[in-house]
Amino acid sequence: MTFESLGLHTSVIKALTEAGYTKPTGVQEQAVPAAIEGRDLLVSSQTGSGKTAAFMLPALHKFASEQQAAPAAGKTPNQEMQASRSRGERPRFKPAQPKMLVLTPTRELALQVTTATDKYGAHMKRVKAISILGGMPYPKQMQLLAKNPEILVATPGRLIDHMESGKIDFSQLQILVLDEADRMLDMGFIDDIEKIVDATPESRQTMLFSATLDGVVGNMAKRITKNPMIIQIAGSATKHENIQQKVHFVDDLSHKNRLLDHLLRDVTMDQAVVFTATKRDADTIADRLNIAGFAAAALHGDMHQGARNRTLDSLRRGQVRVLVATDVAARGIDVPAITHVFNYDLPKFPEDYVHRIGRTGRAGRNGVAVSLVNHAEGVNVKRIERFTKQLIPVDVVEGFEPKRSASAPRSNHKPGGWKPGDNRGGAKPGGRTFSKPGAAPRKEGGGYKGNRSNDSGARRSFGDR
Ligand code: AMP
């Protein structure tokens with residue numbers, strides 16, 4: 001299938017060709033034609049599947065076709081304000097009237113969607129997309145809103161602030177997208193989302209993207225969509241077949257730190273994300289890795305937006321090789337050179353495991369996802385396996401074997417045959433390792449005494465206002 005056969009506007013196809021996209025991904029093949037027809041969509045697909053283009057391409061197609069039929073007339077709110085100033089009148093702020101709203105759980109994802117929109121809309125005459133995010137100065141956002149952008153990409157909290165102060169009017173809204181809806185609900189945004197949805201016209205087209213369409217997400221989806229087309233993408237991106245997953249058991253923090261240092265020296269590693277449970281640990285571990293000679297940087301919700309953007313830019317440019325991050329801050333990071341993901345701490349929720357490992361193996365590449373796990377955490381690994389319906393093999397690096405072996409051998413591991421209660425595998429000496437042949441195991445001692453605070457508030461602290 002080609003992008004032409006999806007019926008997209010020529011200006012959009014031109015931008016896709018320049019972006020190096022040769023054919024649509026699975027989710028795009030299904031979503032784009034239905035969305036062009038104006039259908040509501042409920043799409044279950046993971047990040048990395050090309051879902052941003054799946055909702056943005058049909059929207060841009062619609063706006064390009066409208067522009068062609070009736071070129072824009074009238075003044076933008078900015079121009080109106082200037083005109084009233086020149087008439088000697090006191091300028092009044094006219095609310096922005098966007099045609100499309102994309103809600104995302106995090107600032108990073110919002111920025112990424114905005115960047116992708118600029119790329120896909122590069123050849124359209126006038127389509128402006130802006131991000132409305134917590135952490136950004138209000139005057140700057142007012143300036144952006146005064147340009148009356150067609151597309152708003154926003155996190156819910158800050159958007160509500162602007163709605164309540166009369167800066168945004170949704171009466172002209174045609175398309176509403178909820179990106180990573182499951183995550184927004186996880187983060188407690190349900191009331192905000194309902195308020196925003198209520199402020200939009202009934203006639204809108206609604207597209208909801210989520211890792212799962214069950215439970216609370218499913219209920220909300222029923223309320224806000226009309227006769228939706230349901231698209232479930234169960235491709236390799238969902239199963240993460242291109243990502244080699246493994247678990248390493250560790251005895252204690254010192255063992256964990258030494259093993260992490262060793263694994264980060266793997267020659268096949270280009271860039272890595274190390275996930276920690278707390279913001280403080282992200283800082284401490286990034287500092288420690290820098291001292292150990294890795295170009296590392298922390299990313300978490302306590303950092304100012306400017307610092308976060310700079311860190312992400314450095315990651316994209318390859319100046320940062322190891323990003324040490326908390327879950328929420330790292331969500332949506334799309335850097336194809338990330339070859340490895342390390343779970344320094346296991347995530348609290350199994351869904352987060354899937355989002356974490358999805359930072360690698362992007363855009364059709366392969367990746368490696370390693371979880372460093374205390375013996376007592378075996379039960380959490382099982383929860384993840386139950387969620388992903390995949391077993392995660394246990395691996396051991398020569399010279400870094402845990403003193404305690406990891407429970408019973410995994411005798412009932414049948415291909416494709418996961419069932420609840422499967423045993424955790426025993427650590428096989430001589431199992432696959434990252435070690436280069438002849439690489440000397442590092443000496444005991446000098447272990448990092450990280451500060452294991454209980455400050456695991458990354459999730460809520462992202463409060464985005
Ligand atoms: P997403 O799932 O939207 O986060 O997209 C994941 C990655 O796939 C991004 O780097 C996109 O630029 C890339 N991508 C999206 N659609 C295509 C396509 N049709 N061909 C090649 N790459 C794509």
Side-chain angles (χ1 to χ4, degrees), residues 1-9 12-33 35-36 41 43-61 102-122 129 131 151 153 177-184 207-212 231-243 270-271 273 312-313 315-318 330-339 341 351 354-367:
M1 192 172 274
T2 62
F3 284 112
E4 282 83 358
S5 65
L6 294 180
L8 287 166
H9 194 273
V12 178
I13 291 179
K14 192 169 171 201
L16 293 173
T17 311
E18 281 176 10
Y21 296 5
T22 50
K23 60 181 176 60
T25 64
V27 66
Q28 292 161 8
E29 270 183 21
Q30 294 194 52
V32 172
I36 287 179
L41 302 182
V43 185
S44 137
S45 73
Q46 300 288 349
T47 111
S49 59
K51 67 182 170 57
T52 312
F55 61 75
M56 202 44 88
L57 300 183
L60 293 175
H61 163 87
V102 182
L103 287 177
T104 73
T106 66
R107 304 167 194 180
E108 275 72 20
L109 185 57
L111 289 171
Q112 198 181 300
V113 170
T114 310
T115 308
T117 308
D118 290 344
K119 180 160 76 177
Y120 304 146
S131 313
I151 301 172
V153 186
V177 176
L178 277 73
D179 196 5
E180 300 196 357
D182 52 332
R183 182 65 173 191
M184 285 197 277
M207 298 187 246
L208 181 146
F209 288 73
S210 174
T212 164
I231 299 174
Q232 309 249 14
I233 299 293
S236 61
T238 311
K239 288 196 228 135
H240 293 296
E241 278 162 2
N242 56 335
I243 300 171
D270 201 344
Q271 284 176 289
V273 183
L312 285 173
D313 280 347
L315 183 74
R316 276 185 210 106
R317 285 199 299 269
R331 201 169 172 92
I333 290 176
D334 181 18
V335 178
I338 296 174
T339 48
V341 165
E351 306 90 278
V354 175
H355 284 286
R356 285 180 179 192
I357 69 169
R359 295 312 101 216
T360 182
R362 310 280 299 172
R365 300 180 192 211
N366 292 327

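First listed ligand is number 1; within each ligand, the first listed atom is number 1.
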**Request:** Just jot down the ligand 1 atoms closer than 4.0 angstrom to any heavy atom of Lys23, in number order.
**Result:**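 Result: 18 (C), 19 (N), 20 (N).
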**Request:** Run the numbers for me: atoms of ligand 1, each under 4.0 Å from some heavy atom of Thr25, listed by number.
**Result:** 16 (N), 17 (C), 18 (C), 19 (N)
**Message:** Just to verify, what does Ser5 make a side-chain hydrogen bond (donor to acceptor under 3.5 Å, both in side chains) with, not counting sequence neighbours?
**Reply:** Thr2
**Item:** Location of contacts on Phe3 toward ligand 1, heavy atoms closer than 4.0 Å
**Value:**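 Side chain only; the backbone of Phe3 stays clear of ligand 1.
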**Item:** Thr52, portion touching ligand 1 at heavy-atom distance under 4.0 Å
**Value:**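 Both backbone and side chain of Thr52 come within 4.0 Å of ligand 1.
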**Item:** Counterpart residues, salt bridge (Lys or Arg N to Asp or Glu O under 4.0 Å), relative to Asp313 (two or more places apart)
**Value:** Arg316
Look only at interatomic distance and state if [X] has a nitrogen or oxygen under 3.5 Å from any nitrogen or oxygen of ligand 1.
| X | value |
| --- | --- |
| Gln28 | yes |
| Lys51 | yes |
| Gly50 | yes |

**Asked** When you look at Lys51 and Glu180, which way does the salt bridge (charged side-chain N to carboxylate O under 4.0 Å, His left out) test go after all the steps?
**Response** CA-CA 10 Å; Lys51 67 182 170 57; Glu180 300 196 357; 3.7 Å; yes
**Request:** Please step through side-chain contact (heavy atoms from CB on, under 4.5 Å) for the pair Glu108 and Leu312, ending with a clear verdict.
**Result:** CA-CA 9 Å; Glu108 275 72 20; Leu312 285 173; 3.3 Å; yes
**Prompt:** Below 4.5 Å, heavy atoms only, C-beta onward: do Val113 and Asp179 meet side chain to side chain?
**Reply:**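 Touching, per the 4.5 Å side-chain cut-off.
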**Asked** Within a strict 4.5 Å, meaning less than it, do heavy atoms of the Pro24 and Leu6 side chains meet?
**Response**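 They are in contact (side-chain heavy atoms under 4.5 Å apart), so the answer is yes.
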